[in-house]
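Heads up: the structure comes next, in structure tokens.
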Amino acid sequence: MISDRHFFTEKLLEWNRDTNTRSMPWKGEKNPYKIWLSEIILQQTRVEQGWPYYERFIQHYPTVKKLAAAPDEEVFRLWQGLGYYARCKNMLAAARQITNIHEGKFPDQYDQIKALKGIGPYTAAAIASFAFHLPYAVLDGNVFRVLARYFGIDTPIDSTAGKKQFDTLAQELLPKTHSAEYNQSIMDFGAVVCKPQQPSCDDCPLRKKCVAHHQQLISLLPVKTKKLQIKKRYFNYLLLHYGNDIFIRKRTGNDIWQNLHEFILIETPGPSDAATIQSSPTFKTILGNIPFELEGVSAPLKQQLTHQTIHSQFISLSVKQRPDLPDYTLVPRNSLHKYAFPKTITAFLESHHLQLF
DNA sequence: AACACGGGGGC
DNA sequence: GCCCCAGTGTT
């Protein structure tokens, strides 16, 4: 077992030096701010998807102090479309933690790094090893997969026991004086060779001692237990025009699209046509007895999220008398570009050639 | 310990 | 349609 571990680590580093051609904009980066930014953006996000966002953020905010001083709305607008919006909120909070508590200097100890908002065990280990060469092993989707297959571990990776087992193993495998190189190697290896589907076992330098390869377990490892159930939700958006203005609000609470904006929302348990919406009690609460003109109704739009399928339709109305809507703000239609919206809404606006950018 | 959180891409 | 992606915070 011990020799298998030496074999594993040595072959991995050798593969990285001789064969690995994966290039990324932040590879070899030593600036902890840039490493941190890239890691936050890449959480649960493909490199190709996150790359342009990373470059835009670095361009707008070359230092953590610049980011900390930026207006929230401007930052959310830059994050728009990337998903998992709590990351953006936490990133901003962390930037301000660093500026206020650490005087703008990125902390260089694991515990201090992990204490920052939005930084968990993975990101803390990544920053600690890449920026400061501290001996912390990263544990991300790639590492779980590589370890589960090579060592033939069938403990579910989404269980507490599994996390602990893999974490212990990963930490034991880490060559303490080469943490950055090793962490980079195992993640690249998982992404390039030991891929989720159709891994390149024929070219794999580890296959000689890979348990999954020998026992035909490649497609069965790693094991995950949780299966997600997808809820259906029906969003009816009122585009309520008052002169050149329109009503929007910022989404708060624990629901989806935290901190993004939206129009007047009437959520219904099932599909509703525009006529049903207009005669609903909620609609009456919104408009009272104010006369309105129906401008148009969109076709139903569908957006697939990880845990939800959102069916939405947009109902355009105009009023000549201003309704009292304490939760909503009235903004000029041509200033909508200043606010961050979820994909469903930007897609709708673009398809109707409404000014957004 | 279980669950929620976006959007995109591969098959 | 299902799985995965340089995971974290909340309940």
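For clarity, every value in this text was computed on a predicted model and none was experimentally measured. Computation of the quantities below employed the complete heavy-atom set of this structure, encompassing side-chain atoms and omitting hydrogens, waters and symmetry-equivalent molecules. Chain naming here is simple, since letters A, B, ... match the order of the sequence lines and numbering starts at 1 in each.
Remark: A:Trp79 is not in phosphate contact with B:dG6, judged by side-chain N or O atoms under 4.0 Å from OP1 or OP2. For the pair A:Arg87 and C:dG9, the criterion of a side-chain N or O lying under 4.0 Å from OP1 or OP2 is not met. Remark: A:Tyr85 is in phosphate contact with B:dG7, judged by side-chain N or O atoms under 4.0 Å from OP1 or OP2.
In this structure, CZ of A:Arg46 is placed 18 Å from P of B:dG6, rounded to the nearest angstrom. Atoms CD (A:Gln308) and C1' (B:dG7) sit 13 Å apart, rounded to a whole Å. Following rounding to the nearest Å, A:Asp140 (CG) and C:dC4 (P) show an atom-to-atom distance of 14 Å.
No engagement by A:Glu48 is indicated, since no non-hydrogen atom pair under 4.0 Å with the nucleic acid exists. No engagement by A:Asn183 is indicated, since no non-hydrogen atom pair under 4.0 Å with the nucleic acid exists. Heavy atoms of A:Gly81 sit under 4.0 angstrom from primed sugar atoms or phosphate atoms, though from no base atom. A:Arg22 comes within contact range of at least one nucleobase, with a heavy-atom separation under 4.0 Å. The residue A:Asp255 sits close only to the backbone: its heavy atoms come under 4.0 Å of sugar-phosphate atoms, none of a base.
In this structure, the nucleotide among C:dA6, C:dC4, B:dG6 sitting nearest to the side chain of A:Lys224 is C:dC4. The listed nucleotides are C:dC4, C:dA6, B:dA1; the one nearest the side chain of A:Pro196 is C:dC4.
The cationic atom of A:Lys209 (NZ for Lys, CZ for Arg) lies less than 6.0 Å from the six-membered ring centre of A:Phe7 and within 45° of the ring axis.
The same atom, P, is picked in B:dA4 and in C:dA6; the two are 24 Å apart, to the nearest Å. Atom name C1', nucleotides B:dG6 and C:dC3: the rounded distance is 15 Å, in whole Å.
If you look at A:Tyr33 and A:Tyr61, their ring centroids are not closer than 6.0 Å.
With a 3.5 Å limit on both pairing distances and Watson-Crick or G-U wobble geometry required, the stems of 3 or more pairs in DNA chain B span B:1-5 with C:7-11, B:7-11 with C:1-5.
Taking the six-membered ring where tryptophan is involved, the planes of A:Tyr237 and A:Phe314 are essentially parallel, since the angle between them stays under 30° and well short of 60°. In this structure, A:Tyr136 and A:Tyr110 have parallel ring planes: the angle between them is below the 30° cut-off, well short of the 60° mark.
A donor and an acceptor atom never sit less than 3.5 Å apart when one is taken from the side chain of A:Gln258 and the other from the base of B:dA4.
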Problem - Pair A:Lys250-A:Tyr339, side-chain contact (heavy atoms from CB on, under 4.5 Å): steps then yes or no - result: CA-CA 9 Å; A:Lys250 188 171 194 163; A:Tyr339 303 90; over 6 Å; no

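Within residues 111-124 of chain A, the residues approaching DNA chain C are A:Lys117, A:Gly118, A:Ile119, A:Gly120, A:Pro121, A:Tyr122, A:Thr123, by heavy-atom distance under 4.0 Å.
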